[in-house]
Asker: 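A single structure is presented below for examination.
Numbering of residues begins at 1 and proceeds along the displayed sequence.
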Amino acid sequence: MADIAYSACCAGEVGASRVVNCAHTRLNPEASMFESNRADQSKISTMDGPPAANVGIHRDSVETSSDDRFAALSSIGGEYIGEDKLRLLLKKKIAPICYVWFEPCDMMDIEQGIMKTIYVNKIVQAGCTVKILMADWFLQQHGKIGTDLDKIRDIGNYNIEMWKATGMNLDRVELVWFSDELNRHAINYWPLAVDVSRKYSMEKMASYSRNRTYGPKTLPAAEIFYPCMQIAAIVCQKADIWLFSMDQRDIVMLARDYAEDINRETKPAIILHNKLPLLPEDPDMNLLRYTARTLFMDDAVASSNRKIEMAFCPPKVTDCNQFLEYIKYVIFPWFGKFEVVEKKGNGSNK
């Protein structure tokens, strides 16, 4: 089991030597390691057009069939909303714009690190103009982080360093900081957010809250207004394709319904990627305060091994088996194979 655990955690350790120094500074607004590139990243956070680095990949897209490009996108798995639209889009448009929703996180798990890298690189391979929407402004609703956007920007830069370490093709990705977009396009954004809040009930908005630690009487108003803001952010962007995780499906469908209700000219195709299950069987261990619930990008090898050894993995059960899900969505896409190393005398490797 230890050998299997070590193989699985290696994916989370890729590039650890390049990111270990940033782990201790992720909540420190005074940290200087990201200051040198903050101005550069601010410059590329624009909606004026695709980055110059995308020119080469757009040229390659002309030479690649739409079926091959669709195959690259479909290899992401999950669910496709508007699949026919996506096929037609790839036939008509050389470089469709694909937005990727990402909320900076002070503890980055391997789904947000490794899986996001795999998916973004596949979208780049498909010839899309990729823009990661760094939804920094939304983190102000989290009490433990606070409203300091400089601190939140540092957290986002920490996440970017993790992507660099895992090999995300950031030369062909545009990073769009939502706080910058909001400053430039507030006149377009806020009327939409308020209009969404008028069209739907408080009960409906509260049902989209992903924070299960609150009861119905203690749910902060921020949790109710958050879906209104997210829908407005989705509708505001000029996207042909959006990439979200599967747990965002309901809010994405509501955004599509709202866009249709206000007669928005275009509705983007949606790709929903699968989520990794939480490791423990005990539901009480899956609360956010328990770090054993999943693997994080800066976990040490010993910590990753310990978490995997404690994971719920019933013998001869393949449905809803957490361990097999990690192998399917992390190990196979990353390494291309998974080998069970037998102990000496127990037979051959599998």
Asker: Can you tell whether the side chains of Lys275 and Asp109 come within less than 4.0 Å, N to carboxylate O?
Answerer: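 Asp109 and Lys275: not salt-bridged.
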
Asker: So do the side chains of Leu133 and Ile234 get within less than 4.5 Å of each other, counting heavy atoms only?
Answerer: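 No, too far: nothing below the 4.5 Å cut-off.
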
Asker: Quick one, Arg87 with Glu83, criterion side-chain contact (heavy atoms from CB on, under 4.5 Å). Give me CA distance, side-chain angles, the key distance, then yes/no.
Answerer: CA-CA 6 Å; Arg87 287 183 179 275; Glu83 182 174 329; 3.9 Å; yes

Asker: Check whether the ring centres of Phe102 and Trp163 lie less than 6.0 Å apart, and answer yes or no.
Answerer: yes

Asker: Between Val196 and Val235, does the side-chain contact (heavy atoms from CB on, under 4.5 Å) criterion hold? Intermediate values first, please.
Answerer: CA-CA 11 Å; Val196 173; Val235 174; over 6 Å; no

Asker: Knowing that exactly one of Leu149, Asp136, Asn183 qualifies, which makes a side chain to side chain contact (heavy atoms under 4.5 Å, CB included) with Trp177?
Answerer: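 Only one option passes, and that is Asp136.
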
Asker: Hey, is CE on Met246 packed in by over 12 heavy atoms from elsewhere, all under 6.0 Å?
Answerer: yes

Asker: Minimum heavy-atom separation for Ala186 and Pro191, please, with both atom names.
Answerer: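 Closest pair (atom of Ala186, atom of Pro191, distance): O-CD, 3.8 Å.
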
Asker: Please give me the minimum heavy-atom distance between Phe323 and Cys313, naming the atom from each residue.
Answerer: CB-SG, 3.6 Å

Asker: Provide the full list of ring pair (Phe, Tyr, Trp, His ring centres under 6.0 Å) pairs with a residue in residues 64-85, sequence neighbours left out, each pair given once.
Answerer: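 For residues 64-85: none.
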
Asker: Salt bridge or not between Lys164 and Glu161? Use side-chain N to carboxylate O under 4.0 Å.
Answerer: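 Glu161 and Lys164: salt-bridged.
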
Asker: Grab the two heavy atoms, one from Asp106 and one from Tyr158, that are nearest each other, plus how far apart they are.
Answerer: O-CE2, 3.6 Å

Asker: Quick one: does Leu278's side chain get under 4.5 Å of Phe312's, heavy atoms only?
Answerer: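 Side-chain contact under 4.5 Å: no.
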
Asker: Between Asn157 (side chain only) and Arg153 (backbone N and O only), is there a donor and an acceptor less than 3.5 Å apart?
Answerer: yes

Asker: Hey, mind stepping through Leu88 and Asp84 against side-chain contact (heavy atoms from CB on, under 4.5 Å) and telling me if it holds?
Answerer: CA-CA 6 Å; Leu88 183 62; Asp84 292 339; over 6 Å; no

Asker: I would like to know whether Ser304 and Val301 meet side-chain contact (heavy atoms from CB on, under 4.5 Å); could you show each step before the answer?
Answerer: CA-CA 5 Å; Ser304 297; Val301 172; 5.8 Å; no

Asker: So, the side chain of Tyr189 versus the backbone of Met229: is there a donor-acceptor pair under 3.5 Å, distance only?
Answerer: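 Yes.
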
Asker: Any chance you could measure Met205, atom CE, to Ile251, atom CD1, to the nearest 0.5 Å?
Answerer: 6.0 Å

Asker: Do Lys199 side-chain atoms and Tyr258 backbone N/O form a donor-acceptor pair below 3.5 Å?
Answerer: no

Asker: Considering residues at least two apart in sequence or located in another chain, which fulfil the side chain to side chain contact (heavy atoms under 4.5 Å, CB included) criterion with Leu324?
Answerer: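 If we apply the side chain to side chain contact (heavy atoms under 4.5 Å, CB included) test to Leu324, skipping adjacent residues, the hits are Thr318, Asn321, Ile327.
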
Asker: Do the non-hydrogen side-chain atoms of Ile308 and Leu295 ever get within less than 4.5 Å of each other?
Answerer: yes

Asker: Can you see whether Ser65 engages Asp67 through a side-chain donor-acceptor pair at a distance of less than 3.5 angstrom?
Answerer: no

Asker: Using a 3.5 Å distance criterion without hydrogens, assess whether the side chain of Asn169 forms a donor-acceptor pair with backbone atoms of Asn121.
Answerer: no

Asker: Does Ile132 reach the side chain of Lys116, with side-chain heavy atoms less than 4.5 Å apart?
Answerer: no

Asker: Kindly indicate whether the side chain of Trp101, heavy atoms from C-beta on, has any atom under 4.5 Å from the side chain of Phe138.
Answerer: yes

Asker: What distance separates Ile76 CD1 from Leu272 CG, expressed to the nearest 0.5 Å?
Answerer: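 Separation between the atoms: 10.5 Å.
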
Asker: Kindly indicate whether the side chain of Tyr208, heavy atoms from C-beta on, has any atom under 4.5 Å from the side chain of Gln230.
Answerer: no

Asker: Quick one: pull up OH in Tyr119 and OG in Ser245 and give me the separation to the nearest 0.5 Å.
Answerer: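 The distance works out to 10.0 Å.
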
Asker: Main chain of Cys128, side chain of Arg172: is a donor-acceptor contact present, judged purely on distance under 3.5 Å?
Answerer: no

Asker: Do the side chain of Arg69 and the main chain of Leu90 share a donor and acceptor less than 3.5 angstrom apart?
Answerer: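 Such a contact is found between Arg69 side chain and Leu90 backbone.
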
Asker: Give me the atom names and distance for the closest heavy-atom approach of Trp137 to Trp190.
Answerer: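 Result for this residue pair: CH2-CH2, 3.5 Å.
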
Asker: Quick check for you: to the nearest 0.5 Å, what is the distance between Ser66 atom OG and Ile94 atom CD1?
Answerer: 12.0 Å

Asker: So, taking the atom named CE in Met115 and the one named CG in Leu276, what distance separates them when rounded to the nearest 0.5 Å?
Answerer: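 Those atoms lie 4.5 Å apart.
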
Asker: Check this for me, if you would: do Arg198 and Asp195 make a salt bridge, where the nitrogen-to-carboxylate-oxygen distance has to be below 4.0 angstrom?
Answerer: yes

Asker: Please examine the side chains of Phe296 and Lys307, heavy atoms only from C-beta on, and report whether any two atoms are closer than 4.5 Å.
Answerer: yes

Asker: Using the side chain to side chain contact (heavy atoms under 4.5 Å, CB included) definition, which of the options Lys85, Lys93, Lys92 pairs with Asp240?
Answerer: Lys93

Asker: Can you give me the closest heavy-atom contact between Pro268 and Arg256, atom names plus distance?
Answerer: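 That would be O-NH1, 2.8 Å.
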
Asker: State, to 0.1 Å, how close Thr294 and Asp299 come at their nearest heavy-atom pair, and which atoms those are.
Answerer: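 Between these two residues, the closest heavy atoms are O-OD2, 4.1 Å.
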
Asker: Between atom CD of Gln112 and atom CE of Met297, what is the distance when rounded to the nearest 0.5 Å?
Answerer: 10.5 Å

Asker: Check side-chain hydrogen bond (donor to acceptor under 3.5 Å, both in side chains) between Asn274 and all other residues, then give those that pass, not counting sequence neighbours.
Answerer: Tyr329

Asker: Any heavy-atom pair between the side chains of Val194 and Ser197 that's under 4.5 Å?
Answerer: yes

